[in-house]
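Comments concern the structure below.
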Amino acid sequence: MAKARAKKELNLESEQLPAFVLEEPRERQHGDLATNLAMLLTKQAKRAPRDIAKIILANLDMEKTRITSYAIAGPGFINFRLDSSWLQDVVPEVLAKGKKYGSLNLGRGEKVQVEFVSANPTGLLHMGNARGAALGDSLAALLAMAGYEVEREFYINDAGNQIYNFALSLEARYLQQLGHDVPFPETGYHGQDLIDTVKRVIEQEGDKYVLMEEELRRKLLVRYALQEKITIIKETLEDFGVSYDVWFSEQSLHESGYIQDTLRKLENQGYIYGKEGALWFKSTLFGDEKDEVLKRSNGVPTYFAADIAYHRNKYERGFKRVINIWGADHHGHVARMKGAMQALRYDPASLQIILMQLVRLIQDGEIVKMSKRSGQYITLRELMDEVGKDAARFFFILRDPDSTVEFDLDLAKSQSADNPVYYVQYAHARLCSILRQAEEQGYDPNLTPTKQQLTLLSAQEEKDLLKKLADLPGEIALAANLTEPHRLARYVLDLASLFHTFYNSQRVLVDDEGLRTARLALIRATKQVIANVLMILGVSAPERM
RNA sequence: GCGCCUGUAGCUCAGUUGGAUAGAGCAUCUGCCUUCUAAGCAGGUUGUCGGGAGUUCGAAUCUCUCCAGGCGCGCCA
């Protein structure tokens with residue numbers, strides 16, 4: 001009715017209203033809800049947006065709504081203020097749901113796999129891996145919170161050329177340690193760690209590999225070294241707060257014939273051809289710049305072939321959605337990987353690859369080239385020792401994966417006290433402290449406030465805080481849909497800020513019983529929400545600082 | 001050369017998919033601890049949103065172009 005009248009007055013012919021939005025304005029002072037409808041109608045109505053807004057408002061029936069006031073503002077926004085009593089309902093809701101507050105059924109239990117880090121097992125984890133670990137783990141936790149059934153997986157690249165080089169390096173070190181004058185391979189791994197490893201081999205097995213046939217000798221040395229390396233990687237990640245559901249071996253794909261089988265499948269579909277003695281995948285059909293070798297002329301499958309088989313295997317394990325976190329240096333691999341999935345009749349859109357820009361290391365004002373072979377890099381372990389797990393994780397999570405991170409360890413050390421993670425943790429500790437204080441003063445902090453008492457939470461600082469608490473489910477939904485966990489880091493910083501503001505302007509432990517009970521409940525709810533978000537981010541929520 | 005990413009305050013970075021006066025932290029200046037944790041709060045200062053053009057009522061956001069930086073373009077992984 002109102003719509004029709006307004007339409008007439010504006011001389012609109014079209015039945016269809018433009019796609020306007022009704023949303024919370026960025027600036028709180030503008031009101032609780034705002035719409036851009038009037039500005040969108042300028043073209044159709046051929047009138048100034050503010051005039052249109054007037055007509056819309058004159059025809060709007062606001063009886064029986066929660067709109068308490070409205071205004072036309074700026075270029076033609078219509079702002080509404082709502083009766084805010086509903087905000088207070090968030091407190092009992094948070095307290096009732098506890099750890100589950102913020103969890104959604106967005107994913108409807110769909111199986112999702114997040115594969116991340118998957119670092120070469122020939123060395124230690126470095127800064128780039130740290131970024132991947134922080135991002136992947138919190139993304140997985142975020143998706144789980146949003147209602148997906150999430151599995152974390154680490155793909156172990158324990159096959160291929162690099163392992164061959166690794167084997168040659170180990171072999172040379174082993175023989176050298178036993179006094180044999182053998183040259184070290186040119187493309188070998190120079191780190192001291194390999195020498196230490198072969199020393200342990202010698203301690204346990206002596207020199208019995210010397211006379212062994214070289215292929216077997218290399219195989220045994222590699223097996224020993226890999227097992228050692230992977231154990232270290234696992235422990236390091238555990239200490240970083242990351243634990244995987246599955247550790248998947250590339251070598252197993254070679255041994256089981258799964259790669260061969262996958263190649264045959266591609267061949268049957270007509271996506272493979274032979275050239276110069278090698279087998280090629282027609283990746284140009286899928287937008288790639290050039291075709292890719294799957295099997296070398298020496299008969300050995302490439303890393304790409306193994307990776308196709310690996311991803312096929314993911315789908316065969318029942319994942320509806322597969323997310324990979326790769327370093328930006330693997331960018332060229334994306335199109336052909338998706339193409340290969342399409343060739344195997346999987347929906348390429350269900351394979352999501354998050355490219356993470358590299359972490360550049362700065363030392364003494366200069367960029368340090370990181371390389372495993374040269375043995376020059378800062379490890380995840382060192383990072384944790386220097387700045388701690390929480391600060392390290394928050395540092396990475398706070399940043400968009402698309403931005404290159406410059407990391408200056410000296411700066412990180414000196415500034416670790418300034419890491420915003422402490423701002424959030426401090427808020428949590430402060431909240432805990434208030435609850436402790438309440439008990440010490442003989443109050444029960446766990447009293448359930450009545451609806452009447454909750455209406456006492458009416459100060460501006462309280463409303464802002466309540467609003468933020470109520471935002472969590474929406475934030476989770478948005479962050480999960482966009483697969484952007486860094487949004488939650490921003491959210492929890494905002495929340496901590498609102499709490500600190502509240503804390504400095506309002507007292508919790510007041511004499512008035514009703515107000516005190518309501519505020520204590522607000523404190524508990526705030527504490528819960530901060531803890532829930534920090535849980536997703538893999539950051540601890542300390543009770544004291 | 002081609003492809004992808006980035007360029008926002010002195011520094012490190014956000015910016016909810018095109019909205020209102022572009023925001024945080026660090027740095028800096030001024031206030032606030034006899035009351036729940038000052039690792040905090042309140043306020044001040046700081047901007048050609050890399051440059052230019054276009055689309056739009058409206059652009060940091062979309063399009064084009066130029067500039068600068070990063071990464072990739074192997075029968076490596």
Side-chain angles (χ1 to χ4, degrees), chain A residues 21 23-27 29-30 34 36 38-43 48-49 73-77 79 120 157 159-163 165 187 250 275-280 287-290 292-298 300-304 306-307 327-335 355-358 360 367 395 398-406 408 411 415 417-420 422-423 425-427 429-438 440-441 471 474-475 478-479 482 484 486-487 489-491 493-494 496-497 499-510 519-520 523 544-545:
Chain A
V21 291
E23 62 181 359
E24 288 170 42
R26 198 171 286 181
E27 299 293 325
Q29 52 191 345
H30 291 133
N36 59 353
M39 290 178 289
L40 294 174
L41 286 170
T42 48
K43 210 155 214 176
F77 287 97
N79 295 333
N120 287 337
N157 300 128
N161 268 335
Q162 55 170 2
I163 295 297
N165 282 330
T187 54
E250 179 187 352
K275 191 179 86 181
E276 294 160 5
L279 282 186
W280 296 72
D288 204 2
E289 291 162 26
K290 52 187 98 164
E292 241 352 78
V293 172
L294 289 173
K295 198 188 232 181
R296 303 182 181 93
S297 45
N298 66 7
V300 178
T302 59
Y303 171 82
F304 181 46
D307 218 13
D329 51 342
H330 285 62
H331 151 73
H333 199 53
V334 174
L355 288 177
M356 184 181 66
Q357 295 300 313
L358 304 181
R360 279 191 301 165
I367 295 170
F395 175 84
L398 210 47
R399 283 159 176 77
D400 188 307
D402 278 340
S403 62
T404 310
V405 169
E406 284 193 1
D408 185 326
L411 206 65
Q415 292 188 348
D418 297 327
N419 191 302
Y422 299 117
Y423 183 81
Q425 291 184 317
Y426 184 65
R430 224 179 199 185
L431 286 154
C432 292
S433 167
I434 296 171
L435 296 173
R436 277 195 303 271
Q437 270 294 320
E440 276 169 31
Q441 295 181 22
D471 281 344
E475 291 289 339
L478 193 64
L482 298 171
E484 290 180 357
H486 74 273
R487 280 167 189 281
R490 300 279 161 190
Y491 168 82
L493 274 173
D494 286 348
S497 170
F499 163 67
H500 285 310
T501 299
F502 161 78
Y503 177 90
N504 278 277
S505 67
Q506 308 292 337
R507 224 182 130 66
V508 176
L509 303 176
V510 292
R519 285 190 174 157
L520 278 170
I523 292 308
R544 293 171 202 271
M545 281 176 78

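Naming convention: chains lettered A, B, ... in sequence-line order (proteins, then strands); numbering from 1 in each chain.
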*Considering only the P atoms, how many Å lie between A14(B) and G7(B), rounded to the nearest integer?*
8 Å
*Touch class at under 4.0 angstrom, heavy-atom based, for A328(A) against every strand present*: sugar-phosphate
*A479(A): partners by side-chain contact (heavy atoms from CB on, under 4.5 Å), with sequence neighbours left out*: L142(A), R487(A), L488(A)
*Under the rule syn = chi within 90° of 0, otherwise anti, which is U17(B)?*
syn
_Residue met sooner reading RNA chain B from 5', once C432(A) and N298(A) are mapped to nucleotides_ = C432(A)
_Nearest-nucleotide pick for I434(A), side chain only, options being C36(B), G74(B), G15(B)_ = C36(B)
*Tell me: NE2 of H330(A) to C1' of C73(B), nearest whole Å?*
14 Å
Distances under 3.5 Å between nitrogen or oxygen atoms of protein and nucleotides 1-7 of chain B:
unit_1: C4(B); atom_1: O4'; unit_2: H331(A); atom_2: NE2; d: 3.4
unit_1: C5(B); atom_1: O2'; unit_2: Q357(A); atom_2: NE2; d: 3.4
unit_1: C5(B); atom_1: O2'; unit_2: D402(A); atom_2: O; d: 2.6

_Heavy-atom pair with the smallest gap, counting every atom of L398(A) and P420(A)_ = CD2-CG, 3.7 Å
*asked:* Rounding to an integer number of Å, can you tell me how far N161(A) CG sits from C75(B) P?
replied: 12 Å
_Could you write out RNA chain B as dot-bracket? Rules: Watson-Crick or G-U wobble, both distances under 3.5 Å, brackets [ ] for crossings, | for pairs with another strand, dot for unpaired._
(((((((..((((.....[...)))).(((((.......))))).....(((((..]....))))))))))))....
*Does Y426(A) have any side-chain contact (heavy atoms from CB on, under 4.5 Å) partners at least two apart in sequence or in another chain, and if so, which?*
R430(A), H500(A), M545(A)
*Take atom CZ of R399(A) and atom P of A24(B), then tell me their distance rounded to the nearest Å.*
18 Å
*asked:* Using atom C1' in both nucleotides, what's the gap between G51(B) and A59(B) to the nearest angstrom?
replied: 16 Å
*If you round to the nearest 0.5 Å, how far is CG of D494(A) from CG of D471(A)?*
9.5 Å
*Considering residues at least two apart in sequence or located in another chain, which fulfil the ring pair (Phe, Tyr, Trp, His ring centres under 6.0 Å) criterion with Y491(A)?*
none
_Residues which pass salt bridge (charged side-chain N to carboxylate O under 4.0 Å, His left out) with D402(A), listed by chain and number, not counting sequence neighbours_ = none
_Heavy atoms only, 4.0 Å cut-off, all strands: where does R487(A) land among base, sugar-phosphate and nothing?_
sugar-phosphate
*Calculate the interatomic distance between R490(A) atom CZ and A24(B) atom C1'; express it in whole Å.*
7 Å
*Listed partners of D288(A) passing salt bridge (charged side-chain N to carboxylate O under 4.0 Å, His left out), at least two apart*: R336(A)
*Quantified in whole Å, what is the P atom distance between nucleotide A68(B) and nucleotide U28(B)?*
36 Å
*RNA chain B: V293(A) or R507(A), which has the more 5' nearest nucleotide?*
R507(A)
_Euclidean distance, L509(A) CG relative to R519(A) CZ, rounded to 0.5 Å_ = 10.5 Å
*Residue list, side-chain contact (heavy atoms from CB on, under 4.5 Å) with L279(A), at least two apart or on another chain*: I272(A), K295(A)
*G25(B) versus G44(B) - spacing of their P atoms, nearest Å*: 13 Å
*Kindly write out the residues that satisfy salt bridge (charged side-chain N to carboxylate O under 4.0 Å, His left out) with E250(A), not counting sequence neighbours, or none if the list is empty.*
none
_Whole-Å distance separating the NZ atom of K295(A) from the C1' atom of G74(B)_ = 20 Å
*Check the chi torsion on C33(B) and let me know: syn if it falls within 90° of 0, anti if not.*
syn
_If I pick the P atom on C41(B) and the same atom on A60(B), what distance separates them, to the nearest angstrom?_
30 Å
Heteroatom pairs (N/O) under 3.5 angstrom, protein to nucleotides 40-45 of chain B:
unit_1: G40(B); atom_1: O2'; unit_2: R430(A); atom_2: NH1; d: 2.7
unit_1: G40(B); atom_1: O2'; unit_2: N504(A); atom_2: ND2; d: 3.1
unit_1: C41(B); atom_1: OP1; unit_2: Y423(A); atom_2: OH; d: 2.4
unit_1: C41(B); atom_1: O4'; unit_2: N504(A); atom_2: ND2; d: 2.9
unit_1: A42(B); atom_1: OP1; unit_2: T501(A); atom_2: OG1; d: 3.1

*Closest to the L478(A) side chain: C71(B), A77(B), U16(B)?*
U16(B)
*Hey, what's the ring geometry for H333(A) with H330(A), parallel, tilted or perpendicular (30° and 60° as the breaks)?*
perpendicular
*P spacing across the pair U63(B) / G18(B), given as an integer number of angstrom*: 10 Å
*Can a donor-acceptor pair under 3.5 Å be found between the side-chain atoms of S297(A) and the base atoms of C75(B)?*
yes
_Nearest-angstrom distance, C1' atom, G47(B) to C33(B)_ = 35 Å
*Whole-Å gap separating P (C76(B)) and CD (E250(A))*: 14 Å
_Suppose you measure atom P in C13(B) against the same atom in G50(B); what distance do you get, rounded to whole Å?_
15 Å
*Give E276(A) one of three labels, base, sugar-phosphate or nothing, depending on what nucleic acid heavy atoms sit under 4.0 Å from its own.*
base
*Indicate, with a heavy-atom threshold strictly under 4.0 Å, whether L435(A) touches base, sugar-phosphate, or nothing.*
nothing
_Taking 4.0 Å as the cut-off, does a side-chain nitrogen or oxygen of R296(A) come that near to OP1 or OP2 on C76(B)?_
yes
*asked:* With a cut-off of less than 4.0 Å, is there a side-chain N or O of K290(A) near OP1 or OP2 of G74(B)?
replied: yes
*Rounded to the nearest angstrom, tell me the gap between atom CG in L398(A) and atom C1' in U12(B).*
10 Å
*Which heavy atom of I434(A) sits nearest a heavy atom of F499(A), and at what distance?*
CD1-CZ, 4.1 Å
*For S403(A), what residues pass the side-chain contact (heavy atoms from CB on, under 4.5 Å) criterion, not counting sequence neighbours?*
R131(A), R399(A), D400(A)
*asked:* Once side-chain hydrogen bond (donor to acceptor under 3.5 Å, both in side chains) is applied, do any residues pair with Q441(A), and if so which ones, sequence neighbours excluded?
replied: Q437(A)
_Q506(A) CD - C36(B) P separation (whole Å)_ = 16 Å
